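This report refers to the structure that appears directly beneath it.
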Amino acid sequence: MIDVVIAGAGPNGLMLACELALAGARPLVLERLTEPTTEQRANGLVGQVVRMLDRRGLYERLTAPGAIPEPAPAFVFGAFPLDLNDLPDNPLYTLMVPQLRIQHMLAERAAELGVEVRRGHEVTGLAQGEKSVTVELRGRAPVEAAFLVGADGGHSTVRKLTGIEFPGVTADDSVSLTGHVSVPPDLVGADGGLTVPGFGVVPPFRHLRTERGLITWGPFPDGAPLITTVEWDRPAEGAASLDELRAGASRVLGVDVPLAPPTGPGPHLMRRLFGGNTRIAARYRAGRVFLLGDAAHVHSAIGGPGLNMGLQDAVNLGWKLASELRGHAPEGLLDTYESERAPVAHRVAMHTQAQSLLTRPGGDVTALRELFGELLAQPTARRHIAQLLAGADITYDMGPATGPLVGRWAPDLPGLRELTRTGRPLLLDPTGTLDAGAWAPHIDTVTAPALDTALLLRPDCYVAWQGTTDDGLHEALGTWFRAAQS
């Protein structure tokens with residue numbers, strides 16, 4: 001019997017497969033599509049997941065050998081520029097690589113770990129038993145597994161089959177156009193900004209709001225530039241086209257914008273979206289079935305939080321499922337997936353809805369933006385927003401364990417990026433005297449003399465215990481791991 005069937009071979013499903021395989025479980029990925037998609041979606045990674053990939057040894061696969069993440073000097077929030085240069089502990093990291101590259105890298109890593117991906121396998125039904133779930137497939141024999149995870153997107157079949165509700169709101173008064181284009185080279189400045197005659201400079205990779213709409217210019221170095229426009233209360237019919245995109249950009253900026261068809265190899269994107277959804281699953285779990293990524297939550301793409309949240313869902317769920325399968329999980333461990341990750345989804349829904357409101361046209365929004373701009377002039381406000389966007393403000397409930405780092409994601413400690421590549425729990429001991437007791441077979445204990453306090457890290461790099469003696473250590477270990485049998 002398969003350990004875990006994962007429905008969906010997108011980045012989130014593949015990341016979960018990698019985490020499970022790293023922990024010794026046997027996942028099987030089922031994908032409805034017969035070939036990998038060529039549709040471009042997200043344009044990069046934003047937030048804590050950038051460093052999480054580094055801690056699994058995956059960051060340099062998307063950059064260069066030996067590369068390490070660096071905090072972003074600037075970002076955007078609700079079409080405001082967000083200067084982060086004066087933040088001494090800037091938490092916001094970015095990695096501007098297309099989602100297709102991320103997906104390809106994760107597929108390669110999954111193959112290295114022995115993960116099987118079966119394409120052309122569409123889930124059509126499921127039946128849960130006491131110890132397994134049977135997954136029915138269109139035109140193929142069913143598959144039995146201990147657990148099933150739906151990583152099959154916002155229209156998740158798995159979610160619908162389990163009967164989990166997907167409450168939220170739908171906004172249908174905007175139209176967004178995104179397309180690859182080309183522009184005269186002399187209009188692109190050294191910093192990547194696009195000079196539009198009669199208007200001025202459209203900065204790169206930032207939302208620019210006017211009283212007529214929103215525009216984004218993305219001069220990606222390894223492909224054709226992308227233009228996105230958003231307008232409100234404007235109907236659109238027929239197939240999306242460059243002419244429509246050009247007209248929308250001209251309306252938003254108030255002048256003609258010299259956009260031409262993209263050059264170079266494709267695939268090239270031309271997409272129109274109406275409105276948007278903000279929805280969060282009523283439950284993340286139904287028996288032996290779990291939801292992951294967009295199957296559990298959808299929201300506006302503004303600020304790029306989607307992959308950050310979905311990939312970290314995978315890192316949170318992976319080690320817990322593997323622990324359950326190996327018999328190392330204490331009672332109730334699997335329920336902490338929802339209790340920890342659902343509040344994160346609600347927080348992301350909150351700030352993406354707020355950002356979307358700040359980008360709308362109208363005098364009342366302009367007044368709100370004036371006030372909000374005054375707030376963002378304060379470093380404390382910018383730090384708060386940066387932590388919000390990065391997901392660095394999340395603290396999990398670690399039970400009785402105490403300490404300023406307990407429940408938070410582990411800071412960048414000496415050697416940590418190498419130690420966390422195995423995905424095993426870590427006990428970092430500055431004295432070399434701490435004893436993990438009956439939990440020792442499940443824990444990697446490392447002497448870390450550079451630290452002034454001992455730290456117990458879960459596989460997802462969250463601090464589960466902190467102390468200078470072993471007081472409370474075994475209690476914390478028992479909260480997250482079942483003691484080895486003698």
Side-chain angles (χ1 to χ4, degrees), residues 4-20 27 29-32 41-42 45-49 52 99 102-103 106 123 126 128 133 135 145 147-170 276-322 324 332-353 391 394 396-397 460 462:
V4 182
V5 164
I6 302 169
N12 297 324
L14 291 170
M15 186 71 185
L16 177 62
C18 291
E19 290 291 296
L20 287 165
V29 181
L30 303 178
E31 170 56 51
R32 176 180 59 83
R41 294 180 180 175
L45 297 172
V46 177
Q48 199 164 280
V49 72
M52 189 67 238
Q99 178 172 325
I102 298 168
Q103 188 166 315
L106 290 172
V123 175
L126 62 89
Q128 295 199 56
V133 54
V135 183
F147 296 99
L148 167 65
V149 178
D152 49 347
H155 299 286
S156 171
T157 297
V158 171
R159 186 187 66 240
K160 295 172 183 176
L161 288 171
T162 59
I164 295 177
E165 295 182 356
F166 205 35
V169 296
T170 297
N277 288 296
T278 299
R279 298 185 178 277
I280 300 172
R283 293 178 291 154
Y284 279 28
R285 178 186 185 184
R288 292 184 166 272
V289 181
F290 293 80
L291 301 179
L292 175 72
D294 288 355
H297 42 70
V298 296
H299 47 78
S300 167
I302 192 167
L307 276 178
N308 182 33
M309 184 160 55
L311 292 173
Q312 291 207 89
D313 286 349
V315 176
N316 186 288
L317 180 59
W319 73 271
K320 294 173 180 177
L321 279 176
E324 181 73 22
L333 179 66
L334 291 180
D335 291 330
T336 66
Y337 169 59
E338 179 177 338
S339 65
E340 291 181 348
R341 295 307 296 169
V344 180
H346 284 279
R347 194 151 179 77
V348 169
M350 175 271 291
H351 79 68
T352 53
Q353 286 179 302
I394 299 301
Y396 294 149
D397 179 8
D460 58 358
Y462 276 81

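As a basis for the values below, the full set of heavy atoms in this structure was taken, side chains included, without hydrogen atoms, waters or symmetry mates. This structure is a prediction, so every number in the text was calculated from the model and none was measured.
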Could you report the tightest heavy-atom contact between [X] and [Y], atom names first, then the distance?
| X | Y | answer |
| --- | --- | --- |
| Lys320 | Asn316 | NZ-OD1, 2.8 Å |
| Ser300 | Thr352 | O-CG2, 3.6 Å |
| Ser156 | Leu291 | OG-CD2, 4.4 Å |
| Tyr396 | Arg341 | OH-NH1, 2.9 Å |
| Leu14 | Gln103 | CD1-O, 3.6 Å |
| Leu311 | Pro11 | CD2-O, 3.5 Å |

Rounded to the nearest 0.5 Å, what's the gap from [atom1] on [X] to [atom2] on [Y]? Could you check?
| X | Y | atom1 | atom2 | result |
| --- | --- | --- | --- | --- |
| Tyr284 | Leu334 | OH | CG | 15.5 Å |
| Met309 | Leu292 | CE | CG | 10.5 Å |
| His155 | Asn277 | NE2 | CG | 7.5 Å |
| Leu321 | Glu19 | CG | CD | 11.5 Å |

Go through the steps for Leu16 and Phe290 under the test side-chain contact (heavy atoms from CB on, under 4.5 Å), then give the verdict. CA-CA 12 Å; Leu16 177 62; Phe290 293 80; over 6 Å; no
Below 4.5 Å, heavy atoms only, C-beta onward: do [X] and [Y] meet side chain to side chain?
| X | Y | answer |
| --- | --- | --- |
| Asp313 | Tyr337 | yes |
| Val123 | Leu161 | yes |
| His346 | His297 | no |
| Val158 | Val289 | yes |

Between Gln128 (side chain) and Ala286 (backbone), is there a donor-acceptor pair under 3.5 Å? yes
Looking only at atom types and distance, does a side-chain atom of Glu165 sit under 3.5 Å from a main-chain N or O of Ala282, one as donor and one as acceptor? no
Quick one: ring-ring contact (aromatic ring centres under 6.0 Å, His included) partners of Phe147, sequence neighbours excluded? none
Asn308 and Gln312 side chains, donor-acceptor separation under 3.5 Å: yes
Please enumerate all residues that pass side-chain hydrogen bond (donor to acceptor under 3.5 Å, both in side chains) together with Asn12, with sequence neighbours excluded.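 Asn12: no side-chain hydrogen bond (donor to acceptor under 3.5 Å, both in side chains) contacts found.
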For side-chain contact (heavy atoms from CB on, under 4.5 Å), just list the numbers for Tyr462 and Ile394, CA-CA rounded to whole Å, side-chain angles, deciding distance to a tenth of an Å, and then say yes or no. CA-CA 10 Å; Tyr462 276 81; Ile394 299 301; 4.2 Å; yes
Does the Lys NZ or Arg CZ of Arg159 fall within the cation-pi geometry relative to Phe166 - under 6.0 Å from the ring centre and within 45° of the axis? yes
Worked verdict on Arg283 versus Thr162 for side-chain contact (heavy atoms from CB on, under 4.5 Å): CA-CA 10 Å; Arg283 293 178 291 154; Thr162 59; 5.7 Å; no
Only one of Ile6, Val5, Val149 passes side chain to side chain contact (heavy atoms under 4.5 Å, CB included) with Val29, and that residue is Ile6
